[in-house]
There are 2 protein chains.
Amino acid sequence: MALKFEGISKSTSAATTIYDALRKAIIEGELEVGEPLRQDEMAKLFNTSRIPVREALSRLEEHGLVKTRRYKGAVVCGLSADEATGIFDFRALIEPEVMRRAVPKMSRELLQQARGYCEAFSQSTEPLHWGDLNRDFHSTLYGVSGLAYHLEVVDNAMDRVDRYLRAQLVLSNGIDRANIEHFGIMEACEKGDADLAAKRTFDHIEGAKNSLLHGIST
Amino acid sequence: MALKFEGISKSTSAATTIYDALRKAIIEGELEVGEPLRQDEMAKLFNTSRIPVREALSRLEEHGLVKTRRYKGAVVCGLSADEATGIFDFRALIEPEVMRRAVPKMSRELLQQARGYCEAFSQSTEPLHWGDLNRDFHSTLYGVSGLAYHLEVVDNAMDRVDRYLRAQLVLSNGIDRANIEHFGIMEACEKGDADLAAKRTFDHIEGAKNSLLHGIST
DNA sequence: GTAATGTATTTTGGATCCAATTTTCAAGCT
DNA sequence: AGCTTGAAAATTGGATCCAAAATACATTAC
């Protein structure tokens, strides 16, 4: 476990701070799948007692990021190929609909902001930033849909597959495919074509799924 | 707060026992929306310390059943009309697809079991059993879809709206509509018509949504 | 040498205690 | 009366301590 941390803020609870940090570390793949998260170790790392650590682990488990067994502790959750497929199928069902409902509400400013993330993503060479920029891009567009619950659930689904997605982007030319698709989605949004944007969102997710499963893109 | 409880099992953790009991109480409407859940009170009720109570509350919050504010404690979550609509729209997106994928895998035994729940639901006069029977019915059919993640998420969505659904069933003739629709879904499943089952599932959820929002059914 | 067994260490789950914050409510002031 | 104010009570967040279970490891029997 090679996790660093300096100082906890006073304005937010220790449990939340720990939860956020561990969530980020898991999503970014900093913690390996199957790696045990010892309460003592975390407590020392965050300069707290084990109590807020346990609350954080409990929350992480509800989000499917760790798996806990009684008296055995928590380990970072992995996904089987089937499970990953299931989550992508799920996203392919939800996100196009969110996009369809969002397009009519997109202001000029919002589109500019999204295009900014899109271009930043295409120009970034740092894999660790890809995840954030990718999510900023999609979340910005989805956000105006007004479908709060859909967004909450999509966020959760993204949390579970982000690691695998980044790994895939790094290994193959998936990053090129992602960029082409992102600009395609942007274009449809800017044209105000909700159905096209939805279709391209669907294809984008299916593409990611297949590239992940076959280990090859395009 | 009129909550009763006798003895916790030793085989499962106290936190889990408390979580399950509170979840059930909230879903069944035994605890009113906005009602504060005091840690001390819960601890005494379950004969434990506040530690497992806090873990249970933390988990409930991740599931959207309670809302916590720092140093203020947890209260039972309610839903605005918009939020409820959003959750039904979400279900109307997921569940028909789950049903479509489940129909081809339904065995004769499974169909019989589902029909059993369906008939029990139609004959039960006890509102408190409606929720369980309704979910047994749907979960039995959905279960064979193999879409584990979809099911997990649907379960969560059901948790959030079950209370309102039951209230609606009690107040109007929604129970009749629900029965008609259930048997319609059963029929489609027994015929092996996946598309029809999916469409009827969609209509079932839309019907529930509208009956809930307008306060009147058909 | 290997497998079984019993003990020590580690680790988690829970209880009790303390600190920080909010809420309550009574006293005082205008 | 109505509004501040400030101390006491109530409540949550976190630390420390103890019990229960699992794991590691040494010892013994074969």
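In what follows, chains are A, B, ... by sequence order, proteins preceding strands, each numbered from 1.
Sorted by first and then second residue, the pairs that involve residues 121-137 of chain A and meet salt bridge (Lys or Arg N to Asp or Glu O under 4.0 Å), not counting sequence neighbours, are A/R135-A/D155, A/R135-A/D159, A/R135-A/D162. Each salt bridge (Lys or Arg N to Asp or Glu O under 4.0 Å) pair with one or both residues in residues 111-125 of chain A, not counting sequence neighbours, appears once here: A/R115-A/E119, A/R115-A/E190. Applying the ring-ring contact (aromatic ring centres under 6.0 Å, His included) test to every pair with at least one member in residues 97-117 of chain A, sequence neighbours left out, gives no pairs at all.
With sequence neighbours excluded, the residues satisfying side-chain contact (heavy atoms from CB on, under 4.5 Å) with A/C77 are A/K67. The side-chain contact (heavy atoms from CB on, under 4.5 Å) test applied to A/E55 returns A/A15, A/R59, B/S58, not counting sequence neighbours.
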| note | Protein-proximity profile, nucleotides 9-20 of chain C, B/S/- by nucleotide at the 4.0 Å heavy-atom cutoff, equals --SBBBBB---S
